[in-house]
Amino acid sequence: MDDDKYDFAAVEKKWRERWDAMGLFKTGFNAGGEKYYALTMYPYPSGVLHMGHVINYTIGDVIARYKILRGFDVLSPMGWDSFGLPAENAAIRTGVHPHAFTEKNIAKMTAQMRRAGWGFDWEREVATSHVDYYKWNQWFFLKFYERGLAVKKTAPVNWCDSCQTVLANEQVHNGECERCGSAVAQKDMSQWFFTMSRYAQRLLDGHQQLRGNYPDAVLAMQEEWIGRSEGAKIYFKVAETGDALPVFTTRPDTLFGVTFLSIAPEHPLLAKLLKGTPQERAVLDAAKKMREGGTSEKDLVDKEKVGVAAGFNVVNPVNGESVPLWVANFALMNYGTGAVMAVPAHDQRDFEFAKKYGLPVRVVIQPSGEKLVASQMTAAYAAAGELVNSGEFNGKNNVAAMSEIIRWLTENKFGEGTVNYRLRDWLISRQRYWGTPIPIIYCDKCGAVPVPEKDLPVVLPDDVQFKGEGNPLKTGASFVNCQCPQCGGAAQRETDTMDTFVDSSWYFLRYADAKNDRAPFAAEKIKRWLPVNQYVGGIEHATMHLIYARFFTMALHDLGLVDFTEPFQKLFCQGMVCKTAYRCEACKWLPADGVEFADEAAKDKTTGVVGKCQKCGGDVAAEMTKISKTKLNIVDPDALFDRFGADAVRLYMLSDAPPDRMQIWNEAGLNGAWRTLNRLRLTVREWTNSERKLSAVGENLPAPRGQADRELTQKTHQCIIAATEAIEGGSRLQGGFHFNTAIARCNELLNQFRQKMADKEAIDGATARLAIETMVKMLSPITPHFAEEMWEMLGHTESIFRSGWAVGDPQLAAEATVEIPIQINGKLRHRQEVAVNAAAAELEKSVLADATVQALIAGKTVVKIIAVPGRMVNVVVK
RNA sequence: GCGAAGUUGGCGGAACGGCAGACGCGCCGGUUUUAGGAGCCGGUGGGCAACCGUGGGGGUUCGAAUCCCCCACUUCGCACCA
C-alpha cells in the first residue's frame with residue numbers, strides 16, 4: 001500500500017530547524033524548572049568526528065533530552081579543546097598555521113555535530129585557542145603564582161638531540177624519536193608546576209562524596225594515582241661527608257636488613273658528592289647512560305634494572321652501620337626522596353639487584369616454621385614473620401611491631417613516621433607554540449616577574465617559524481623581547497606554554513558565562529549552573545583530566561572564586577569503541593579490504609591469523625583494538641549518517657551494549673536499528689489509518705475493555721516503568737543509562753502491539769494510543785527526529801519535547817499471577833502458576849499438593865522447603 | 001612492572017543469589033504477484049536421550065553467570081596525545 005520510504009534526510013533536517021527555531025537547547029526552554037547541567041567532554045578539533053565522539057555525545061544528548069522531557073531547565077554546552085600538538089605538527093608538515101588549521105576543523109566538526117542531531121546551546125561555545133578564553137588561563141596562573149601554587153622547578157624532559165627539540169611521551173617509541181629515529185635521552189629543564197601534591201589528601205578525601213556517583217573503576221584508578229602510602233622517613237647520612245640523605249620506606253620494620261642504598265641518577269646530591277673524585281667521570285657517565293630512553297613511567301619500569309657503585313657509603317642511623325651507596329635506574333627522583341634503602345632479603349627488586357651486583361643479603365624476618373638462610377635464598381621473603389637481627393625488636397612480629405618501631409625511630413631522632421603520596425606536582429610547561437603563553441617575564445635584574453594583570457592577555461604571536469626544531473615561540477622576536485614590568489629594562493618573555501589540561505580544567509565553568517570579558521565567570525552564573533550534574537566522557541580520562549579538573553576546582557575554591565570543591569556531581573564513562581584491526585608482519589597495519597581472508601568465517605575472527613596480505617602475501621593477524629587512525633580501523637560517522645540517518649545510528653549505538661562497556665563495532669547491527677524504526681513507523685501509519693476508520697463508525701461503540709486491552713495496558717505501563725528505571729538507574733540497575741534494556745522493553749511492547757493488530761484483537765482506541773505513544777516517547781531522547789515525526793503523525797501539533805515524560809502506573813503494570821519454577825534439590829523439575837502475592841506457606845502447600853511434585857518426591861523424605869514468594873520453590877528431599 | 005575493566009549461543013548482549021540466553025543481529029524454512037536494505041509466520045546453545053552447558057580450577061549455599069580464593073586470556077590507563 002504505502003511504497004514511500006522514510007526520507008530520513010528531509011525529516012531530520014526539518015526537525016533540526018524547528019528545534020533551533022523553538023530554542024529547545026537554550027537554557028530557559030523550561031524556564032522556572034530546576035537546573036540541570038549535562039556536560040560531555042569537549043573534543044579536540046581534529047577535523048573529523050570519530051565513533052568515540054558519536055557514543056559520547058549521543059549519551060549526553062539523550063540525557064539532556066530526557067531531562068528536558070522531565071521539565072528541567074537544562075544546560076547542554078559544547079566547545080573545543082583547540083590547543084595542542086596535532087595543529088603544530090600539521091604546521092611543521094604542511095606550513096598551514098595552527099590557527100587556520102584549527103578553525104577549519106572546528107567548522108567541519110560543527111557541521112557534523114549538527115547532522116547527528118545533538119542539541120547544544122551554541123551561544124555558549126568556547127574554543128580554548130581563542131584569546132578571550134586563554135586570557136583567563138593566564139589570569140588564573142597569576143592568581144596561582146601569588147599563592148605559591150605556580151612554581152618553577154627542575155624536571156626531566158624527553159630530548160632528541162638531532163631534532164634539538166623536546167618530545168612528548170607519545171613521540172617516543174622504544175626510546176627513539178618518532179620523527180628521526182635517533183635515541184632519546186632525559187634532559188633536565190627548569191619548568192613551571194602547579195603544586196598539586198599539596199592537594200593529595202584533599203583529593204583523596206573528596207572520594208567520600210564521589211563514591212556511588214563516579215564509576216568505582218575511576219575512583220580506584222584515582223586512588224592509585226594519588227598513591228597514599230604510610231611509612232617512615234629515615235635519616236641516612238653520607239659516611240664520608242655527613243650530607244643528609246633521607247629515604248622514604250613503607251617497611252621501616254626491615255631497617256636492620258639494609259645492605260645498600262640506591263639513589264636516582266639525577267639526584268642533585270650525587271653530582272655534589274662526586275665532584276673532584278677519581279670515579280666522578282665513570283659514575284656520571286653510567287648515570288647518564290641510565291637516563292637514555294623516554295621519561296614515561298612505562299619506559300622507566302620496562303628498562304632492565306642497572307646500577308653503579310657511587311664510591312661512597314651511607315650510615316644507617318639505627319645501627320650505625322655503613323653500607324654502600326649505589327646509583328640505580330629504578331630509584332625515581334620524583335617519588336619519595338629520590339633515594340631508596342635496599343633490603344634484598346625482603347624485597348624482590350632489591351634481591352635481584354643484589355644478586356646481579358654481588359651485594360650482601362641479610363635476613364631480619366623469619367617466617368614461622370622455617371628458617372631462612374641468606375646464602376640459600378632464591379627469592380625475597382616479603383611476607384610477615386618474626387624479627388631477628390633487629391636489636392631490641394628481636395622476637396616480635398614485624399607487622400605488629402610497625403607502629404612501635406616508628407615511635408622508637410622518632411624518639412631517637414633516627415627518622416619519623418610520615419605519609420607519602422605518589423601524586424606529583426603538575427608539570428604545566430610545554431616547550432611548544434600552540435598553547436597558552438605563560439605570563440612571566442625574565443629580567444636580568446629582577447628575575448622572574450609576573451605579567452601585571454592589566455597587561456593580559458599575552459597574545460600568541462603570528463610571526464613564528466615551524467621548522468620542527470626547538471620551540472617555534474622562541475623564533476618570534478617581537479614576542480620574546482620586551483620590557484621588564486618592574487624596572488623597565490630589557491627583558492625576555494617566558495616561551496613555555498601551558499599544558500592543554502589547564503584549559504580543560506575549568507572550561508565547564510566558562511560555559512556558565514561564556515561571553516564575560518571582565519572575569520572568567522560571574523559568581524551568580526556559577527551559582528545558577530554549577531556544579532555539573534552529570535558529566536559524560538571516555539574512561540581513558542579516569543585519571544589525568546578528571547584529577548586535574550578536581551584539583552583546579554579546589555584551588556579556585558581556596559581562592560574564593562567558587563563555593564564548591566567537586567566540579568562534577570556524577571560521572572559516567574562510556575567504554576572504548578573497538579573494532580578488529582589487521583596487521584601484516586611486513587606491511588604493518590592494513591585496512592580490512594587489504595586482507596585476503598582465508599574464508600567467510602575468518603572475517604568475523606578477532607584474533608589469530610585470518611588470511612594473507614594482498615600486497616606481500618604474508619600472514620595477516622586480527623586484533624581487537626580501539627578505533628584509531630594508525631591502525632586503519634576507523635569508521636566515518638558521516639558515511640553512516642548518509643546511509644542510515646542520524647536516528648538509526650544513534651539507536652544502534654545505544655541498543656547493543658550498555659554504554660559503559662567496550663563497544664564492539666559491527667556494522668550489520670545498523671540495519672536492524674533502521675528496520676526497527678521502519679517497523680514502528682509502519683505501525684504508526686497502520687494504526688492512525690485504522691483509528692480514523694474507527695472514529696468514522698461512531699462514538700457509540702462500546703469500549704471493548706477486554707482481555708487484549710488489559711494485556712496491552714499492562715505491557716505499556718511495564719514498558720514505561722522498566723525503561724525509565726533503565727535510564728535512571730536505581731535499586732535494580734544501579735548505574736542507570738542502560739539504554740539497551742530500555743530499547744528492548746520498547747521492542748517487546750511493539751511486538752505485542754503488532755501481534756494484537758495482526759490477530760485483529762479488539763483494542764480500545766485510547767489503549768492503543770497510549771501504547772503507541774509510549775513507544776514513541778520512550779525512544780524520543782534516542783531517536784529524536786524520528787519521534788517528532790511520529791508524534792506529528794499521531795496528530796500532535798506541538799513538539800514531543802513539550803509533552804513531558806510518560807508516567808507508569810505500578811498497579812496497572814502488576815501481574816496477577818506468575819509461573820514459578822519448582823526445584824527438587826535445587827534442580828528445576830516442574831512449574832506452577834500461582835498468585836503473585838501468594839505467601840511462602842501457601843506456596844509450600846500448593847506445591848506439595850501438586851500431583852507431578854508428589855510423583856517426583858514419592859518415597860523420599862522432605863527435609864525442608866524453601867519458598868520465595870513470587871519467585872520459586874525448592875523442595876529438599878532425602 | 002603497577003593499576004583498572006572484562007570473558008555468557010554463530011555475533012552484540014539479558015538475567016534483585018532463584019526458570020541461563022530477554023531484546024536485537026545473523027542463519028534456516030515457509031509466506032505475500034514480492035525484487036526491498038521490504039512485510040508477515042515458524043525455527044535457531046549442545047545432545048537421539050537421560051542430561052550437559054555462563055573462560056579454567058577449587059569453595060560457600062537448599063540453590064551460583066552472579067559471592068569468596070587461585071589461574072588463564074583480552075582490552076584500557078600510567079603524568080609532554082587529547
query = Is Met544(A) touching bases, backbone alone, or none of the nucleic acid, heavy atoms closer than 4.0 Å?
reply = base
query = Which residues pass the side chain to side chain donor-acceptor pair (under 3.5 Å) test with Glu819(A), sequence neighbours left out?
reply = none
request  = If a pair satisfies salt bridge (charged side-chain N to carboxylate O under 4.0 Å, His left out) and one of its residues is in residues 738-752 of chain A, list it, with sequence neighbours excluded.
outcome  = Lys715(A)-Glu748(A), Arg745(A)-Glu748(A)
query = Looking only at side-chain N and O atoms, does Arg661(A) come under 4.0 Å of OP1 or OP2 in G12(B)?
reply = no
remark   = Contacts of Thr154(A) meeting side-chain contact (heavy atoms from CB on, under 4.5 Å) (sequence neighbours excluded), chain-then-number -> Asp188(A)
remark   = One should report the stems of RNA chain B, each a stretch of at least three consecutive Watson-Crick or G-U pairs at distances under 3.5 Å, as B:1-7 with B:72-78, B:10-12 with B:23-25, B:26-31 with B:39-44, B:55-59 with B:67-71
query = So what does Ser46(A) touch, heavy atoms closer than 4.0 Å: a base, only the sugar-phosphate, or nothing?
reply = nothing
query = Closest heavy-atom contact between Glu844(A) and Ile865(A)?
reply = CG-CG2, 3.5 Å
ask   = What is the per-nucleotide protein-contact pattern of nucleotides 46-53 of chain B, from the 5' end, where B denotes a base atom under 4.0 Å from a protein heavy atom, S denotes such proximity for sugar-phosphate atoms only, and - denotes neither?
value = --------
request  = Sequence neighbours left out, what passes side-chain contact (heavy atoms from CB on, under 4.5 Å) with Val863(A)? Give chain and number order.
outcome  = Val876(A), Lys878(A)
Salt bridge (Lys or Arg N to Asp or Glu O under 4.0 Å) partners for Asp496(A), two or more places apart = none
query = C80(B) phosphate, OP1 or OP2: any side-chain N/O from Arg430(A) under 4.0 angstrom?
reply = yes
note = The side-chain contact (heavy atoms from CB on, under 4.5 Å) partners of Ala155(A) (sequence neighbours excluded) come to Gln191(A), Phe193(A), Leu427(A)
Distances for protein N/O vs nucleotides 1-5 of chain B N/O pairs under 3.5 angstrom?
from	atom 1	to	atom 2	distance (Å)
C2(B)	O2'	Glu224(A)	OE2	2.9

ask   = Syn or anti for G6(B), with syn set at within 90° of 0?
value = anti
Contact pattern, 5' to 3', of nucleotides 65-73 of chain B - B, S or - by protein heavy atom under 4.0 Å = ---------
Review item, nucleotides 38-43 of chain B N/O atoms under 3.5 Å of protein N/O:
from	atom 1	to	atom 2	distance (Å)
A38(B)	OP1	Arg675(A)	NH1	3.4
C40(B)	OP1	Arg754(A)	NE	3.0
C40(B)	OP1	Arg754(A)	NH2	3.2

Pairwise N/O distances under 3.5 Å, protein to nucleotides 62-64 of chain B:
from	atom 1	to	atom 2	distance (Å)
C62(B)	O2'	Asn874(A)	ND2	3.3
C62(B)	O2	Asn874(A)	ND2	2.3

